[in-house]
K.L.:
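There's a structure below that I have some questions on.
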Amino acid sequence: PQVVTDNASYKQQEMAKRMTRGIEGSLYRAGFWHLRPTILRDACIFGTGITHQYRIGRRIFIERVLPLELLVDRADGARGAPRCIYYTRTADRFVLSEQYPELKEEILGAAPCDHNEHEFVWLDESEDRLLVIDAYRLPDNSEEVEDGSAAKGGKHVCVIMGVAEPVLEEEWKLPYFPFCAVKKNEPVAGFFGTGVAQEMAGFQLEINTVADKLQSAHHLMGGGMVFVQTGSDIIDSDLTNGVGMIVKYKGQPPQWYNPQ
């Protein structure tokens, strides 16, 4: 990112340079430059690389979001611009109890996330983690406002599964979500992009089919046979895969046959 000026004075240009260095420093502190290759890799594999930006005090934080953790309604996001997004992930219950001390008893007593019920969560039965969902809805007039001062109808709610009341409920005034999505290829319809794995799926299926047929054919008739005349005094152990071997025989020599 770079702050650009237009017909600015020398003082304004220097100020823009300092602002650029400040932005780069904030991104470096937030770990953006270290995270960027991972996000681009996600975009190539999954089709969409996603980051979540948030602020605690004056400090900016950026974290990676897996595409399966971000849920978008199919009808709402058909044209690639949904009005609602749901960010789902799991968190350690003790960390959550420290973040929300007023709900500590409920958090510590909540049932752990059921890995069979939530297929998008990678858990096993031994893990004791809670499901956290952040739901965002853009303001109804988000196209009319830029700074959010006159926004209406926006909402941000954070809930922990197993806790009766939301841990956070506030008005969302910004005309955009706190997520940044990088897409390898824009989809024809929907929110998420198309990755290399999806593009190559047809080719890979055909390769798997051909490889399976070759494997079956080799297993059925992949080995050759040696015909040895009865009474030729040839011992089976004399027929090896050695180089330049000498095999003594009587009568007709052994013949190699490879089924076609």
Side-chain angles (χ1 to χ4, degrees), residues 1 3-4 6 19 23 26-27 30 32 35 39 42-43 46-91 96 99-100 102-103 106-107 110 113 117-121 130-195:
V3 179
V4 181
D6 184 17
M19 292 176 64
I23 295 173
S26 298
L27 292 176
F32 171 76
L35 193 62
I39 301 304
D42 287 348
F46 300 109
T48 308
I50 307 171
T51 59
H52 175 217
Q53 297 76 232
Y54 61 97
R55 186 179 66 179
I56 300 179
R58 300 183 62 181
R59 184 172 178 180
I60 298 174
F61 293 86
I62 301 176
E63 63 179 358
R64 177 193 180 198
V65 177
L66 296 174
L68 293 179
E69 295 177 332
L70 205 66
L71 303 182
V72 177
D73 182 79
R74 183 175 299 180
D76 186 27
R79 292 175 175 81
R83 304 203 67 84
C84 297
I85 278 184
Y86 306 89
Y87 177 30
T88 64
R89 74 275 189 201
T90 62
L96 293 174
Q99 291 179 348
Y100 308 102
E102 67 278 5
L103 299 172
E106 286 191 67
I107 293 175
C113 180
E117 183 179 353
H118 304 283
E119 297 181 356
F120 54 88
V121 179
L130 300 180
L131 180 65
V132 182
I133 302 177
D134 275 282
Y136 295 89
R137 175 177 173 81
L138 295 181
D140 297 333
N141 59 339
S142 59
E143 293 84 358
E144 303 173 5
V145 295
E146 295 183 359
D147 57 355
S149 58
K152 299 178 182 179
K155 201 76 170 179
H156 171 215
V157 179
C158 179
V159 296
I160 301 175
M161 298 299 289
V163 178
E165 52 187 76
V167 297
L168 177 64
E169 186 173 358
E170 61 181 358
E171 187 178 2
W172 187 257
K173 297 183 178 181
L174 298 176
Y176 51 83
F177 298 109
F179 303 98
C180 181
V182 179
K183 304 175 184 179
K184 180 183 179 296
N185 291 316
E186 288 290 338
V188 177
F191 175 77
F192 297 99
T194 305

K.L.:
Using 0.5 Å steps for rounding, measure from the CZ atom of Phe179 to the CD atom of Glu63.
P.N.:
8.0 Å
K.L.:
Give me the atom names and distance for the closest heavy-atom approach of Thr51 to Val65.
P.N.:
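Between these two residues, the closest heavy atoms are C-CG2, 4.2 Å.
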K.L.:
Less than 4.5 Å apart, side chain to side chain, heavy atoms only: is that true for Tyr100 and Ile160?
P.N.:
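The answer is yes, as the side chains (C-beta and beyond) meet within the 4.5 Å cut-off.
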K.L.:
If you compare all heavy atoms of Thr48 against all heavy atoms of Gly193, which two are closest, and at what distance to 0.1 Å?
P.N.:
OG1-N, 2.7 Å
K.L.:
Do the side chain of Thr88 and the main chain of Glu69 share a donor and acceptor less than 3.5 angstrom apart?
P.N.:
yes
K.L.:
So, do Arg137 and Cys84 sit near enough that their side-chain heavy atoms are less than 4.5 Å apart?
P.N.:
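In contact.
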K.L.:
If the plane angle is over 60° it's perpendicular, under 30° parallel, otherwise tilted; pick one for His156 and Tyr136.
P.N.:
parallel
K.L.:
Which heavy atom of Ile50 sits nearest to which heavy atom of Pro67, and what is that distance?
P.N.:
CD1-CA, 4.0 Å
K.L.:
Of all heavy-atom pairs between Trp172 and Pro139, which one has the smallest distance, and what is that distance?
P.N.:
O-CG, 3.3 Å
K.L.:
What's the shortest heavy-atom distance between Gly77 and Pro82, and which atoms?
P.N.:
CA-CB, 4.0 Å
K.L.:
Does Ala43 have any side chain to side chain contact (heavy atoms under 4.5 Å, CB included) partners at least two apart in sequence or in another chain, and if so, which?
P.N.:
Val182
K.L.:
Taking C-beta and beyond as the side chain, do Glu102 and Val167 meet within less than 4.5 Å on heavy atoms?
P.N.:
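A side-chain contact under 4.5 Å is absent here.
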K.L.:
Where does the angle between the aromatic ring planes of Tyr54 and Phe61 fall among parallel (under 30°), tilted (30 to 60°) and perpendicular (over 60°)?
P.N.:
parallel
K.L.:
Count the heavy atoms of every other residue, nucleotide or ligand shown that sit under 6.0 Å from CZ of Arg59, and state whether that count exceeds 12.
P.N.:
yes
K.L.:
If only atom types and distance count, is the side chain of Asp76 paired as donor or acceptor with the main-chain N or O of Arg83 below 3.5 Å?
P.N.:
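Yes, the answer is positive, given that a donor and an acceptor are paired below the 3.5 Å cut-off.
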K.L.:
Do Arg64 and Asp42 have side chains that approach each other closer than 4.5 Å (heavy atoms only, starting at C-beta)?
P.N.:
yes
K.L.:
Do the side chains of Leu71 and Ile133 get nearer than 4.5 Å, heavy atoms only?
P.N.:
no
K.L.:
So does Lys155 pair up with Glu169, basic N to acidic O under 4.0 Å?
P.N.:
yes
K.L.:
For Thr194 and Lys184, work out which heavy atoms get closest and say how close.
P.N.:
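Shortest heavy-atom separation between Thr194 and Lys184 comes out as O-CB, 3.7 Å.
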